[in-house]
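The structure appears below as structure tokens.
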Amino acid sequence: MTYNFNEIEKKWQDFWAKNQTFKAKNDSEKPKYYVLDMFPYPSGAGLHVGHPLGYIASDIYARYKRHKGYNVLHPQGYDSFGLPAEQYAIQTGQHPAITTEENIKTYRRQLDQIGFSFDWSREVRTSDPSYYKWTQWIFIQLFESWYCKHTDKALPISELIEVFSKEGNQAVEAVCDDHVEIFSASDWNAFSSEKQQEILLKYRLTYLAETEVNWCPALGTVLANDEIVNGVSERGGHAVVRKKMTQWSMRISAYAERLLQGLNDIDWTDSLKESQRNWIGKSIGASVTFPVIANEAQQSQRIEVFTTRPDTIFGVSFMTLAPEHDLVSKIVTDDQKEEVEAYIKSTAKRSERDRMSDVKTITGAFTGAYAEHPFSKEPIPIWIGDYVLAGYGTGAVMSVPSGDQRDYDFAKHFNIPIPNIFEGIDISEEAYASKDNVVIANSDFLNGLALKEATKKVISELEKLGQGQGKINYRLRDAVFSRQRYWGEPFPVYYVNGMPQMIDKKHLPIRLPEVEKYLPTETGEPPLGRADVWAWDTKKGEVVKNENIDNVNVFPLELNTMPGWAGSSWYFFRYMDAQNDEVFASEEALAYWKDVDLYIGGSEHATGHLLYSRFWVKFLKDRGFVSVEEPFKKLINQGMILGTSAFVYRVVANSESEETERIYTDFIVSRKYSELILSDSGVAEKLKQQIRDYYIDEKKDEYFSKPFIIEISPLHVKVDYVNTSDELNIEGLRADKEFGKDFRDAIFIGENGHIIEGDNDLYKVGHEVEKMSKSKLNVVNPDTICEQYGADSLRMYEMFLGPLEQAKPWNTAGISGVHGFLKKLWKLYMGDSGLKVSNVEPTAESLKTLHKTIKKVEEDIESFSFNTSVSTFMIAVNELTAQKCNSKEILEPLLILLSPYAPHIAEELWSQLGHKESIATTAFPKFEAKYLVESSKMYPISFNGKAKFTMELPMDMSKDDIEKEVMAHEKTIAQLDGRTPKKVIVVPGKIVNVVG
RNA sequence: GCUCAAGUGGCGGAAUUGGUAGACGCGCUGGAUUCAAAAUCCAGUUCUUCGGAGUGCGGGUUCGAUUCCCGCCUUGAGUACCA
């Protein structure tokens with residue numbers, strides 16, 4: 001009987017599905033364990049071998065935990081709202097729901113064929129109304145909450161309204177918009193409803209406000225900070241500009257400190273925690289107010305700045321405002337007006353990207369106005385400059401050129417004085433930005449103080465003046481929550497007199513309306529502006545036709561949709577109770593499953609999904625909907641699997657006289673030959689002649705008759721046409737549907753310089769390790785691998801490649817190793833005539849092999865070192881084969897060890913051994929140390945730390961006896977060559993080292 | 001610039017309470033089997049001037065360092081005028 005993996009794998013996948021082997025129970029006596037993979041977005045391209053890496057690792061762990069007696073929740077679903085499906089819809093007119101459905105089918109088929117132990121009865125899709133009903137519900141909860149600083153948690157907005165109506169807002173300590181007006185209870189009660197709603201928006205955890213946003217014209221939508229990479233959109237790489245728009249925002253800044261502190265209690269990698277810490281960006285300093293010196297035409301104004309170095313306040317020689325700062329237009333003098341306006345115009349034109357890529361050019365303008373120094377009362381010129389960001393702090397800085405390099409450069413450029421306030425520090429070349437060895441000078445009452453004391457002193461003096469206090473600032477900004485797109489969750493919001501109103505929870509879900517096109521309207525409204533049935537009837541409690549809008553009972557609905565991270569910020573709770581229609585998950589389910597014990601996914605979600613999820617969970621906890629503070633107890637980032645790209649080398653002729661005149665020839669040379677051409681002029685001449693001869697009858701002949709230089713242009717080719725020896729399948733390449741036509745006329749020159757006709761020469765490709773992607777033509781499809789080697793081989797090979805967290809290149813050739821191992825394993829159990837396993841007593845040797853394997857595999861799984869257990873299995877099978885072991889007592893437990901890694905073959909052999917039940921919940925074998933006890937040890941004998949030979953000595957031999965034995969050994973005498981050793985180190989059970 | 005991670009054969013990688021560096025696999029070489037091929041099996045495979053040398057480089061601690069300490073270099077990832 002041979003190992004027919006295709007048949008076996010299909011058989012067991014069907015068995016698991018039919019018997020619901022992996023269905024998790026919500027009421028179990030067993031301890032719970034929740035293993036989760038990051039939500040996949042079902043893209044049209046399907047899976048490549050890089051995608052399942054994390055899924056395989058989590059599946060191994062989930063299966064292992066079942067063997068260890070846990071009730072395991074291991075679900076899967078789809079983050080199915082998103083940009084790619086919508087972009088495709090725009091191009092083809094196809095409804096995104098249809099493409100999404102098709103893509104999900106492909107994903108499901110691909111996932112199934114790898115043999116994952118998912119509980120599919122709990123599948124969720126973010127684009128499913130029964131799911132986004134609860135996303136909308138959470139949004140409403142956020143709207144109906146505010147953040148109380150006093151209790152440090154979110155509270156219902158009704159409690160805030162009660163306080164307002166009883167005592168106004170003077171005593172309220174809330175996280176809210178800056179500059180909220182102070183009012184009394186009687187003021188509040190006298191306000192109109194609109195006014196009250198306007199005020200409440202400044203307190204709500206999700207609020208509508210005009211904010212400066214990142215607008216991406218190409219995608220027609222705003223983007224959150226984490227959706228922008230290097231100044232361009234993460235998806236598609238389009239330009240992003242700054243724009244003021246009215247948008248929904250999430251007051252995540254309220255949770256900055258808790259998000260930061262919570263990192264200390266979770267088991268995540270340091271690098272991931274570090275990125276979140278940087279993203280939150282806590283800095284401790286002071287806020288300082290500088291009055292603007294008023295001239296007769298202007299009202300008195302104040303500039304508030306944030307600084308981390310209040311101790312350097314006497315070093316301030318100018319102030320700088322961001323060009324967008326509100327105050328600029330109010331303080332600019334008539335003389336400077338023209339210059340300032342011109343400067344603002346020129347900076348507004350620069351995109352975010354330009355501004356970032358060009359940090360060296362110093363630009364700015366003087367406003368003509370002056371501020372007054374809090375202590376010296378000296379006038380300080382106020383400048384504007386785009387090195388000051390409107391979005392950070394207050395958008396204004398007190399510039400201390402002696403202590404900050406950017407201020408220093410700005411001052412040098414505009415000839416502003418640079419007063420030195422550091423004792424014994426030379427600042428003639430650069431600023432002294434270090435916080436070490438600071439002694440303040442030329443600073444009145446701060447003279448002679450070190451940083452810490454000076455900071456303390458200056459803050460207390462500022463407080464006395466009422467011009468400042470200690471302050472903590474966070475870089476974390478409130479997150480923009482509106483997207484001007486179609487394929488996302490609709491907001492459960494309608495507008496009365498321009499004020500947003502929540503639709504009552506009982507009417508949820510508010511379903512996405514139909515539109516005829518997925519583009520913005522002609523007037524620039526989002527795609528939902530095209531819907532005809534998109535108005536809210538408050539009487540009927542349903543969505544009705546727009547024509548019914550009367551602004552009395554029927555009102556317009558919100559036209560924006562929610563961003564991709566809305567649905568993914570809470571999905572892990574839905575898996576606990578996926579079918580519930582009454583609540584997002586029942587109390588019992590939430591109480592049983594609590595949180596995710598193990599979360600595996602990519603590090604690209606560090607500052608997006610993983611931060612937003614933590615924020616929503618903290619909020620849900622504050623409001624009593626869940627009991628956990630953090631969603632993901634342990635998190636592992638799997639490393640990327642890189643692709644091995646293949647290159648052919650096209651010959652390019654470049655005119656000797658005019659360097660820009662390049663012609664791509666039809667000649668494509670092999671790897672080795674391409675190097676030869678560049679290094680050996682003789683070979684190059686020969687090729688030139690071949691090219692001239694070839695084009696002799698063509699128009700290009702004229703070009704090639706003149707002298708030209710040969711260059712080589714590497715070109716990606718599909719890795720599908722390259723075999724394990726790097727040889728290119730030329731005929732296959734020419735027949736390729738997509739790229740074949742590019743090579744139909746190509747002339748291939750092989751390794752030995754011959755034009756390839758038949759098998760007279762070989763064409764070899766070059767290769768390079770790059771990210772696996774469609775555009776680099778280096779994707780390897782798991783379907784092909786499963787077909788040729790089987791899912792078990794794929795699973796084991798993905799693990800065998802290297803440590804889970806590290807990036808590593810894929811090389812299909814290497815899979816023969818693990819595939820050969822599985823065949824060898826099969827042969828250990830199955831002979832030509834069937835099962836070879838019997839009830840014979842195992843040998844001590846076999847028991848030792850088994851137990852050291854149990855020990856190692858268990859340790860490896862616990863430490864997520866899956867690559868080393870694959871080696872361990874190989875060693876075990878090699879040893880047992882050599883021992884000719886066919887004892888059931890050995891081979892049966894071995895299958896349980898293997899089953900998390902290669903579940904199909906394990907199930908098959910398990911049933912061959914006579915079991916009727918699945919191997920999935922069989923108890924993990926128990927390691928027994930007694931089988932590993934050794935009576936002797938092969939001691940390595942070292943001389944000055946270098947091992948020279950080994951000696952077998954009893955384990956229980958004393959140190960002295962070992963030394964005597966070693967010294968008496970003939971090889972020792974030969975090594976020493978008559979010398980007397982200074983010292984002999986004997987470490988029993990380890991090593992002997994002879995020194996001297 | 002800052003933060004984090006990582007540098008070991010031709011390749012993926014193994015070994016860290018400091019104790020025989022290169023497990024396991026790929027590839028390669030030779031052999032067996034075969035008419036031949038595939039498959040399978042066996043042997044070898046860090047370099048070497050055969051003394052030794054050797055885990056990115058230079059120091060240090062130690063009887064002994066891939067492992068610990070100090071200083072550099074390189075690569076990758078993230079972040080970036082954050083006051």
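A note on names: the letters A, B, ... follow the listed sequences, proteins ahead of strands, and every chain is numbered from 1.
Spacing between B/U79 and B/A21 at atom P, rounded to whole Å, works out to 43 Å. Separation of the C1' atoms belonging to B/C47 and B/C35 is 43 Å when rounded to the nearest angstrom. Between B/U62 and B/G18, the distance separating the two P atoms is 16 Å to the nearest Å. Using atom C1' as the reference point in both B/G19 and B/U34, the two lie 49 Å apart (nearest Å). On the P atoms, B/A53 is 39 Å away from B/C2, given to the nearest whole Å. Comparing B/A32 with B/A38, their C1' atoms sit 16 Å apart, to the nearest whole Å. With C1' as the reference atom, B/A5 and B/A39 are 43 Å apart, rounded to whole Å. B/C24 and B/A15 are spaced 13 Å apart, taking the P atom of each and rounding to whole Å.
Across all strands shown, B/U66 forms no Watson-Crick or G-U wobble pair with both key distances under 3.5 Å. Checking B/A14 for Watson-Crick or G-U wobble geometry (two distances, each under 3.5 Å) identifies no partner in any strand. Pair assignment for B/U49 gives none, since no Watson-Crick or G-U wobble pairing has each distance under 3.5 Å. The partner of B/G71 is B/C57, judged by Watson-Crick or G-U wobble contacts that both fall below 3.5 Å. For B/U40, the paired base is B/A32 (Watson-Crick or G-U wobble, both distances below 3.5 Å). Under the Watson-Crick and G-U wobble criteria, each requiring two contacts below 3.5 Å, nucleotide B/U79 is paired to B/G1.
Listed pair A/Lys948 / B/U20 fails the phosphate criterion, with no side-chain N or O lying under 4.0 Å from OP1 or OP2. Between B/C82 and A/Arg406, a contact under 4.0 Å exists linking OP1 or OP2 to a side-chain N or O. Contact check, A/Asn867 against B/C24: no side-chain N or O comes under 4.0 Å of OP1 or OP2. A close approach under 4.0 Å does not occur between any side-chain nitrogen or oxygen of A/Ser942 and OP1 or OP2 of B/G19. Here A/Lys983 reaches the OP1 or OP2 of B/C63: one of its side-chain N or O atoms lies under 4.0 Å away.
The residue A/Asp404 sits apart from the nucleic acid: no heavy atom pair falls under 4.0 Å. Residue A/Ala606 is classed as having no contact, given no heavy-atom separation below 4.0 Å to the nucleic acid. Residue A/Val995 is in sugar-phosphate contact alone, with no base atom involved, counting any heavy-atom pair closer than 4.0 Å across all strands shown. If you check every strand for non-hydrogen atoms under 4.0 Å, A/Lys982 touches nothing. Residue-level contact check: A/Ile985 touches the bases, meaning some heavy atom is under 4.0 Å from a base atom. At a threshold of 4.0 angstrom between heavy atoms, the contacts of A/Ser271 are confined to the sugar-phosphate backbone, with no base atom among them. Backbone-only engagement by A/Asn878 is indicated by non-hydrogen atom pairs under 4.0 Å involving sugar-phosphate atoms exclusively. As judged by a 4.0 angstrom heavy-atom cut-off over every strand, A/Thr307 is placed among residues touching the sugar-phosphate backbone only.
Atom CG of A/Asp270 is separated from atom C1' of B/U3 by 12 Å (rounded to the nearest Å). Between the CD atom of A/Gln806 and the C1' atom of B/C4 there is a distance of 14 Å, rounded to whole Å. For A/Glu274 and B/A80, the CD to C1' distance is 15 Å, given to the nearest whole Å. With rounding to whole Å, A/Met640 atom CE is found 7 Å from B/A77 atom P. If you take NE2 of A/His819 and C1' of B/C26, they are 15 Å apart, rounded to a whole angstrom. The CD-P distance, from A/Glu859 to B/A15, rounds to 11 Å in whole Å. Rounded to whole Å, the distance from NZ on A/Lys282 to P on B/U79 is 23 Å. Straight-line distance from the CZ atom of A/Phe873 to the P atom of B/A14: 17 Å, rounded to whole Å.
Closest contact between the side chain of A/Ser816 and the listed nucleotides B/A83, B/G27, B/U20 involves B/G27. The nucleotide whose nearest atom lies closest to any side-chain atom of A/Met874 is, among B/G78, B/G25, B/G13, B/G25. Which of B/A23, B/C82, B/G25 sits closest to the side chain of A/Ser871 comes down to B/A23. With distances taken from any side-chain atom of A/Ala813 to the nucleotides B/C41, B/C26, B/G13, the minimum falls on B/C26. Minimum atom distance to the side chain of A/Leu389 is reached by B/A83, of the listed B/G78, B/A83, B/G19. In the set B/U20, B/C82, B/C63, B/C82 carries the atom at the smallest distance from any side-chain atom of A/Arg475. Side-chain proximity of A/Phe800 to the nucleotides B/C26, B/C81, B/C24 is greatest for B/C24. Of the candidates B/G12, B/C81, B/U20, the closest approach to any side-chain atom of A/Lys808 belongs to B/G12. Comparing atom distances between the A/Asn811 side chain and each of B/C41, B/A80, B/C26 picks out B/C26 as nearest. Closest to the A/Ile991 side chain, of the nucleotides B/A83, B/A15, B/U20, is B/U20.
Taking the syn range as angles within 90° of 0, the glycosidic angle of B/G9 is syn. Applying the 90° criterion around 0 to the glycosidic angle, B/G51 comes out syn.
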TODO: May I have the step-by-step check of side chain to side chain contact (heavy atoms under 4.5 Å, CB included) for A/Phe290 and A/Ile380, ending in yes or no?
DONE: CA-CA 9 Å; A/Phe290 289 75; A/Ile380 311 162; 3.8 Å; yes
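Listed here is the closest heavy atom pair of A/Lys273 and A/Trp268: CE-O, 3.6 Å. Contact detail for A/Tyr408 and A/Ala431: the closest heavy-atom pair is CD1-N, 3.7 Å.
Considering A/Thr363, A/Asp407, A/Asp409 as possible partners of A/Tyr387, the one that fulfils the side-chain hydrogen bond (donor to acceptor under 3.5 Å, both in side chains) test is A/Asp407.
Of the inter-residue distances, the one linking A/Met957 atom CE with A/Lys964 atom NZ reads 9.5 Å to the nearest 0.5 angstrom.
Within the 4.5 Å cutoff, side-chain heavy atoms of A/Lys856 are placed close to those of A/Thr868. Between A/Glu257 and A/Lys282, some side-chain heavy-atom pair lies under the 4.5 Å cut-off.
For the pair A/His605 (side chain) and A/Leu610 (backbone), a donor-acceptor distance under 3.5 Å is absent. Listed for the A/Lys808 side chain is a donor-acceptor partner under 3.5 Å among the backbone atoms of A/Gln806.
In terms of position along RNA chain B, the nucleotide closest to A/Ala947 lies nearer the 5' end than the nucleotide closest to the other residue of the pair A/Lys827 and A/Ala947. Across the interface with RNA chain B, nearest-nucleotide mapping of A/Asp407 and A/Gly802 shows A/Gly802 to be the residue nearer the 5′ end.
Remark: the A/Tyr939 side chain and the A/Thr950 side chain contain no N/O donor-acceptor pair separated by less than 3.5 Å.
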